[in-house]
Amino acid sequence: MRKNTICVQGGYTPKNGEPRQVPIIQSTTFKYDTSEDMGKLFDLEASGYFYSRLQNPTCDTVAKKICELEGGVAGMLTSSGQAANFYAVFNIANCGDHIVACSAIYGGTFNLFNVTMRKMGIDFTFVSPDCSEEELRSAFKPNTKAVFGETIANPALTVLDIELFAKVAHENGVPLIVDNTFATPINCRPLEFGADIVTHSTTKYMDGHGSAVGGAIIDGGKFDWFKYADKFPGLTTPDDSYHGIVYAEKFGLGGAFITKATAQLMRDFGSTPAPQSAFILNLGLESLHVRMERHCSNALKIAEFLQSDERISYVNYCGLENDKYHKLALKYLPNGSCGVVSFGVKGGRKVCEEFMKQLKYIAIETHVADAKSCCLHPASATHRQMTDEELIKAGVYPDLVRLSVGIEDVNDLIEDIKQALDAVCGG
Ligand SMILES: *Cc1c(COP(=O)(O)O)cnc(C)c1O
């Protein structure tokens with residue numbers, strides 16, 4: 001199946017007389033004839049369902065579709081993107097370990113790493129997405145366990161050089177984890193460029209309608225845990241909580257990472273999605289390929305309009321030929337990037353806030369990446385705890401407006417922006 005067909009039919013093939021749409025199995029528990037049958041499931045000796053905190057058929061079906069879209073070998077859903085990134089890293093990094101992460105990442109992920117996971121004894125070194133190969137190399141320590149970055153960073157809109165980051169990660173014997181939320185597998189499959197694990201906030205384009213918070217983790221199945229067995233004892237030595245099974249041995253390279261994340265992290269932390277939410281996510285996935293095309297074509301037209309308007313001080317959109325990341329975008333995102341554009345209105349922070357107030361169709365929201373256009377002033381919302389100096393370092397200028405372009409008629413959106421600029425800056 002090609003990607004467009006996977007969006008519609010992936011993960012689920014009904015048999016004769018079965019429902020065409022993915023059924024919602026709204027059951028916490030599953031019935032067995034004998035305690036022996038049940039015991040085998042608890043020992044990971046047999047596969048099957050017993051309790052929806054660990055696995056649920058509806059959630060698994062949707063995870064399988066996302067896995068197919070990314071070209072991976074195993075996948076799981078989580079209750080949010082935050083949970084997905086936490087699990088992906090914590091599955092291989094323990095107290096005393098170290099992670100190299102790109103500095104241009106989602107604010108929530110930055111906080112998870114830099115504050116909460118530091119409290120758990122995990123150390124982070126943040127590197128610029130524009131760093132040289134040498135700079136990237138010098139960030140590694142003997143206890144480094146993974147490299148983390150975003151295909152297109154939210155909200156900085158930088159593009160990750162996935163091949164470079166994968167190459168240096170592999171030289172150091174660790175996997176590359178890529179959060180592919182903004183690009184989606186429709187526009188980029190990081191696994192094809194050497195990434196090992198892909199994560200998603202499915203809350204964004206995948207759900208696409210602002211309806212259900214969720215996340216996903218996909219394993220590419222190529223990273224050889226045994227080759228670096230000393231670095232990854234969680235995968236290569238016995239797990240006492242499952243009678244001493246060794247994940248990488250029992251489930252192979254393709255199954256080990258996701259099985260461990262499910263059997264240990266989902267069991268103990270329980271960030272499990274509701275079957276109903278997985279169903280809503282699946283409805284979104286069915287039109288992902290159609291919506292992404294429109295998000296991207298609308299965003300490019302708006303970016304071009306903004307660039308040609310002299311009341312605008314700068315525009316960030318890697319689809320623009322003169323954008324700093326256009327060359328990387330041609331390589332990694334040849335068919336389009338995403339619907340998010342950022343820009344500044346001349347006159348600075350106050351003028352930007354006034355401009356946003358004047359918009360009629362484009363609503364002010366913290367959300368991004370769904371069918372309805374929205375915008376945010378990060379400096380006064382998601383990033384309001386940062387000083388102007390810190391904002392600039394994070395690539396989020398004090399006057400930056402983040403515009404998430406929806407799938408409305410682009411002419412209505414451009415007219416809306418025009419009238420707001422006229423009202424604030426004069427025609
Ligand atoms: C929103 C977002 C997250 C966090 O996802 P939630 O579903 O809100 O928990 C992680 N990474 C990126 C790139 C995001 O945009």
Side-chain angles (χ1 to χ4, degrees), residues 59 62-63 66 70 76-90 99 101-117 126 129 148-160 162 165 176-188 190 195 197-218 265-266 269-274 277-278 280-281 284-285 288 292 295 299 316 318 332-333 337-342 365-370 374-376 378 381-383 394-396 402-405:
C59 300
V62 181
I66 297 174
E70 287 288 4
M76 68 193 283
L77 297 188
T78 57
S79 56
S80 67
Q82 286 297 105
N85 283 328
F86 172 59
Y87 281 24
V89 173
F90 197 62
I99 301 290
C102 191
S103 59
I105 51 174
Y106 175 65
T109 310
F110 182 75
N111 201 71
L112 167 70
F113 290 172
N114 197 44
V115 179
T116 302
M117 290 184 81
F126 293 95
F148 182 94
E150 293 177 5
T151 313
I152 304 169
N154 174 13
L157 301 181
T158 54
V159 177
L160 188 72
I162 301 172
F165 275 67
L176 172 64
I177 303 171
V178 173
D179 180 332
N180 196 32
T181 298
F182 266 25
T184 82
I186 299 305
N187 287 336
C188 179
I197 308 289
V198 170
T199 60
H200 280 280
S201 166
T202 62
T203 317
K204 313 293 164 55
Y205 289 116
M206 284 193 168
D207 168 67
H209 299 79
S211 300
V213 174
I217 309 172
I218 307 301
L265 304 184
M266 202 56 101
F269 293 118
S271 323
T272 199
S277 296
I280 292 168
L281 167 58
L285 289 169
L288 180 66
M292 283 314 286
H295 278 294
N316 300 317
C318 65
Y332 294 109
L333 305 151
S337 54
C338 66
V340 184
V341 178
S342 67
E365 295 174 21
T366 48
H367 196 48
V368 271
D370 73 49
C374 61
C375 66
L376 177 80
T382 47
H383 293 61
V396 184
R402 180 182 73 182
L403 172 63
S404 173
V405 179

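Order of appearance sets the numbers: ligands from 1, and atoms from 1 within every ligand. All heavy atoms count here, side chains included; hydrogens, waters and symmetry mates do not. Residues take their numbers from the sequence shown, with the count starting at 1.
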Atom 5 (O) of ligand 1: nearest protein contact (heavy atom, Å): Ser201 OG, 3.0 Å
Of the listed options Thr202, Thr181, Asn180, Thr203, closest to atom 7 (O) of ligand 1 (non-hydrogen atoms): Thr203
Option set Leu112, Val340, Asp179, Thr199, criterion heavy-atom distance to atom 11 (N) of ligand 1, minimum: Asp179
Beyond-backbone contact of Ile105 with Asp179, side-chain heavy atoms, under 4.5 angstrom: no
Minimum-distance pair of heavy atoms, taken over all atoms of Gln82 and Thr109: OE1-N, 3.7 Å
Side chain to side chain, Phe148 and Asn85, heavy atoms closer than 4.5 Å: yes
Nearest atoms (heavy-atom pairs only) where Thr181 meets Lys204: CG2-CG, 3.3 Å
Enumerated ligand 1 atoms positioned under 4.0 Å from heavy atoms of Glu150: 13 (C)
Heavy-atom nearest neighbour in the protein, as seen from atom 4 (C) of ligand 1, with distance rounded to 0.1 Å: Tyr106 CE2, 3.4 Å
Protein contact to atom 6 (P) of ligand 1 [nearest heavy atom, distance to 0.1 Å]: Gly81 N, 3.4 Å
Which of the ligand 1 atoms, numbered from 1, are nearer than 4.0 Å to a heavy atom of Gly214: 7 (O)
Exam field: side chain Asn180 to backbone Cys188, donor-acceptor pair closer than 3.5 Å: yes
Interfacing atoms of ligand 1 (cut-off 4.0 Å, heavy-atom, Gln82): 4 (C), 5 (O), 6 (P), 9 (O)
Phe182-ligand 1 polar pair, N/O distance under 3.5 Å: no
Donor-acceptor side-chain pairing of Thr78 and Tyr87 below 3.5 angstrom: no
Pairwise side-chain contact, Phe90 with Met117, heavy-atom cut-off 4.5 Å (strictly under): yes
Interfacing atoms of ligand 1 (cut-off 4.0 Å, heavy-atom, Lys204): 1 (C), 2 (C), 3 (C), 14 (C), 15 (O)
